[in-house]
Amino acid sequence: MDDSKGETAPALGISLSAQFAQARSVVFQTHVALDVGKATLDQLMDKLNAVADRQEAFYAIDQAERQLEVETNATKNMARRLEEVEANIATKMTAEGRRNPKLTAQDEMQKKQAGDTLEEGKKRVAIAQKFLDELKQKAGNRDGANSGPNS
């Protein structure tokens with residue numbers, strides 16, 4: 001009779017839990033031999049984390065797209081505000097009837113603030129677009145093939 005029935009070799013248990021958007025989560029569980037080398041263990045953890053990162057990126061795309069839309073709409077409003085400020089200044093200049101009309105300090109300040117705000121909005125759109133592109137690249141296609149940033 002075999003006395004080793006039911007006995008197992010000592011092992012290290014590994015669990016990696018990942019939480020995704022849309023109330024999704026996954027737990028990876030495995031084990032390795034107790035005397036596993038650091039390089040092998042690092043490779044295993046890198047593999048598990050890469051899978052979790054890809055899945056997380058896939059589920060973050062929708063939120064990133066919504067954020068890009070919000071930033072884009074805000075920037076359009078900022079551009080309209082700058083146009084309004086410039087139109088008001090132009091109207092004021094022609095209404096005064098001077099040969100060399102000059103901007104008032106308030107007009108200059110409003111125009112500068114509107115222009116600065118628009119530039120900041122453009123930067124935010126670029127950041128949101130870059131983040132979305134990175135997520136799409138990291139997520140790849142659901143069939144496993146990598147996708148380009150514009151797919």
Measuring from T72:OG1 to N77:CG, what's the distance to the nearest 0.5 Å?
11.0 Å
Do V125 and L132 belong to the same hydrophobic cluster, where Ile, Leu, Val, Met, Phe, Trp and Tyr are linked whenever their side-chain heavy atoms lie under 4.5 Å apart, directly or via other members?
yes
Quick check on the hydrophobic clustering: are V51 and L41 connected, directly or via other members, by side-chain heavy-atom contacts under 4.5 Å?
yes
All heavy atoms of T75 vs all of G121, minimum pair found to be OG1-O, 3.1 Å
Can you confirm whether E119 sits close enough to K122 that some side-chain heavy atom of one is under 4.5 Å from a side-chain heavy atom of the other?
yes
Let me check something: do M78 and I89 share a hydrophobic cluster, defined by ILVMFWY side-chain heavy atoms less than 4.5 Å apart, either directly or through other members?
no
Could you check whether E83 pairs with R80 (Lys NZ or Arg NE/NH1/NH2 to Asp/Glu carboxylate O, under 4.0 Å)?
no
One should read off an interatomic distance between E108 CD and Q113 CD, to the nearest 0.5 angstrom, of 12.0 Å
Spell out, yes or no, whether F131 and V70 are grouped together once hydrophobic residues are joined by side-chain heavy atoms under 4.5 Å, including indirect joins.
no
For the CD atom of Q110 and the CZ atom of R81, what is their distance to the nearest 0.5 Å?
5.5 Å
Please say yes or no: joined through hydrophobic side-chain contacts below 4.5 Å, possibly via intermediate residues, are I127 and I61 part of one cluster?
no
Under 4.5 Å between any side-chain heavy atoms of K136 and E65, yes or no?
yes
On a heavy-atom basis, which atom in T91 and which in T94 lie closest, and how many Å separate them?
O-OG1, 3.1 Å
Among residues at least two apart in sequence or on other chains, which ones pass side-chain contact (heavy atoms from CB on, under 4.5 Å) with E86?
L82, K111
Pairwise side-chain contact, V26 with Q55, heavy-atom cut-off 4.5 Å (strictly under)
no
Would you be so kind as to tabulate the donor-acceptor pairs closer than 3.5 Å made by side chains of residues 27-35, with sequence neighbours excluded?
from : atom 1 : to  : atom 2 : distance (Å)
Q29  : NE2    : S15 : OG     : 3.4

Taken in chain and number order and not counting sequence neighbours, the residues that satisfy side-chain contact (heavy atoms from CB on, under 4.5 Å) with D53 are E56, K138
For R54 and A139, which heavy atoms make the closest approach, and how far apart are they?
NE-O, 2.8 Å
Could you tell me whether the side chains of N88 and E84 share a donor-acceptor contact shorter than 3.5 Å?
no
Taking it one step at a time, do D133 and Q137 satisfy side chain to side chain donor-acceptor pair (under 3.5 Å)?
CA-CA 6 Å; D133 292 346; Q137 184 68 35; over 6 Å; no
Rounding to 0.5 Å, atoms CG (L103) and CE (M93) come to a distance of 4.0 Å
For E69, is the CD atom crowded, meaning more than 12 foreign heavy atoms sit under 6.0 Å from it?
no
